[in-house]
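Reviewing the structure listed below.
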There are 2 protein chains.
Amino acid sequence: MASVKIENTEEEILNAAKEVFQQKGMAGARMQEIADKAKINKALLHYYYRSKQLLFEAVFKNAFRLLAPQIGKVLNDDTELFDKIRNFTDSYVSFVIKHPYLPNFVIQELNSNPEFVLKLRAEASFPSTEKFKQQVLEAIETGLIKPIDADQLLINIISLNIFPFIGTPLLMALINVDKIKYDQLLQNRKTEAADFIINSIKI
Amino acid sequence: MASVKIENTEEEILNAAKEVFQQKGMAGARMQEIADKAKINKALLHYYYRSKQLLFEAVFKNAFRLLAPQIGKVLNDDTELFDKIRNFTDSYVSFVIKHPYLPNFVIQELNSNPEFVLKLRAEASFPSTEKFKQQVLEAIETGLIKPIDADQLLINIISLNIFPFIGTPLLMALINVDKIKYDQLLQNRKTEAADFIINSIKI
DNA sequence: ACATTTGTTAACCAAATGGTTAAACCAAAT
DNA sequence: ATTTGGTTTAACCATTTGGTTAACAAATGT
């Protein structure tokens, strides 16, 4: 039964580590807290993952592998541009509501460890933007959308979808609503954000 | 000359603390590093700011007092809606290029200390959205813009302006450009972002 | 049955870290 | 010249923290 137990503890650790790292970041996380949350001895953490750094990287890669395909949807999907945008905003919002700490975590740690990006690029899951750029060019040529730089459009799409989650505390304070009302706003964005984007570019 | 010296050291400390806190966050910052950067003894930090927490709060409030008026521009300015949007995106981009770590710092620490928001609301500098909401309603009634929820529009404006800075490492990796090219993209956003927003809402 | 490998723990350790203390320094007032 | 007040430092301290060790337990192979 060794392998069963291994997978149990290993996953237990990873889950606990995920929680703690995503809430407190690399610097703020404590190995002891992770051990407690996983209900194991601290030494066992080092038995499975040799150091805090390695445990963190495991968590981070897991998170990124979850997030990347979501972003990939805007990029490497075959559907028509407007559908794709609608599709993306809808599914991304649903996704993040299930993993609320994730985008902030990824962004944050990417900011404090810019070298991380290099490691990520090597990953198979890392999305490529070629297809999207091509599609935007075609849509411009066929007169479907106004001329716009594909990179800027991509930045816009991602910004409109990710920031409302990362900026939750700031935005909540600013528009002066409680968590419940704000979550409703976010839900509405499933369609609102897509409409906003499409309105801007369609002819 | 005691008072002169005070202001010098105190400011020296605050500047050093700003750099370190903004790059590493509350948890990752080290008092020793701040002292070194300010070229003073560590004990002197505690002489001026009794604890790490208090020093951090001083830095954070400073940062927020810098950021808040920028956001306030979208909200409490008298100019016409489209001009206001153009104005805001232009001046916000210029502002953040001068203070690159600032938005990320504020967002990040707001996320890990949601109670902070309460303290900030009390601040005089905290922007109110009433005027903006009113203005949007009027613009809809007079047929200047399409119907849109003012809160959603505000979220869109802020997202489009702030996220490209916070998400720099992610976006750079995604669209596969170096820092120089990315900074050019950001510069272009001074007008691009405003156009994008206005295109979306104008009739 | 027994040896070997794998999983788990309690106790421990060295380094780092936030914070304190007591003394020294120094400009201005007396 | 001496006192006085705030300013600055070196040395120190208690606690926290990531990480290790050595011993024990539980499987697994032979």
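Letters A, B, ... mirror the listed sequences (proteins, then strands); counts begin at 1. What you see below is based on every heavy atom in this structure, not just the backbone, and it leaves out hydrogens, waters and symmetry mates.
- When heavy atoms are screened at a 4.0 angstrom cut-off, B:Ala29 is found touching the sugar-phosphate backbone but no base atom.
- Phosphate proximity of D:dT8 to B:Tyr48: present, with a side-chain N or O under 4.0 Å from OP1 or OP2.
- Of the residues listed (A:Leu154, A:Asn76, A:Asp77, A:Leu137), the one engaging A:Phe132 in a side chain to side chain contact (heavy atoms under 4.5 Å, CB included) is A:Leu154, and it is the only one.
- A distance of 6.0 Å or more separates the ring centres of B:Phe56 and B:Tyr49.
- Here C:dT21 is the nucleotide among D:dT21, C:dT21, D:dT8 with the atom lying nearest to any side-chain atom of B:Ala43.
- Rounded to whole angstrom, the span from the CG atom of A:Leu44 across to the P atom of D:dT20 amounts to 14 Å.
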Might you work through the side-chain contact (heavy atoms from CB on, under 4.5 Å) test for B:Val117 and B:Leu110, ending with a clear yes or no? CA-CA 7 Å; B:Val117 172; B:Leu110 237 39; 3.9 Å; yes

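- Picking from D:dT9, C:dT9, C:dG19 the nucleotide with the shortest atom distance to the side chain of B:His46 gives C:dG19.
- Note on A:Glu123 versus A:Arg65: salt bridge recorded, some NZ/NE/NH1/NH2 to OD/OE distance being below 4.0 Å.
- A:Met26 places its CE atom 14 Å from the P atom of D:dT17, with the value rounded to the nearest Å.
- When distances are taken from the side chain of A:Tyr47 to each of C:dG19, C:dT6, D:dG6, the shortest belongs to C:dT6.
- The side chain of A:Asn41 places no N or O atom within less than 4.0 Å of a non-bridging phosphate oxygen (OP1 or OP2) of C:dT8.
- Taking atom CG of residue A:Leu45 and atom C1' of nucleotide C:dT8, one finds them 12 Å apart after rounding to whole Å.
- Spacing between atom NZ of B:Lys52 and atom C1' of C:dA16 amounts to 12 Å, rounded to whole angstrom units.
- With rounding to whole Å, A:Ile40 atom CD1 is found 12 Å from C:dA10 atom P.
- C:dA15 atom P lies 19 Å from atom CE of A:Met31, rounded to whole Å.
- In this structure, A:Glu10 atom CD and C:dT6 atom C1' are separated by 13 Å, rounded to whole Å.
- Searching all strands for a Watson-Crick or G-U wobble partner of C:dT30 with both distances below 3.5 Å returns D:dA1.
- For B:Arg30, a side-chain nitrogen or oxygen approaches OP1 or OP2 of C:dG18 to under 4.0 Å.
- With rounding to whole Å, B:Lys24 atom NZ is found 14 Å from C:dA16 atom C1'.
- Put simply, the side chain of A:Asn113 never gets that close to the backbone of A:Phe116: no donor and acceptor are under 3.5 Å apart.
- Distances shorter than 4.0 Å separate none of the side-chain N or O atoms of A:Ser51 from OP1 or OP2 on D:dG18.
- The side chain of B:Thr9 approaches D:dT8 more closely than any other nucleotide in the set D:dG18, D:dT8, C:dT8.
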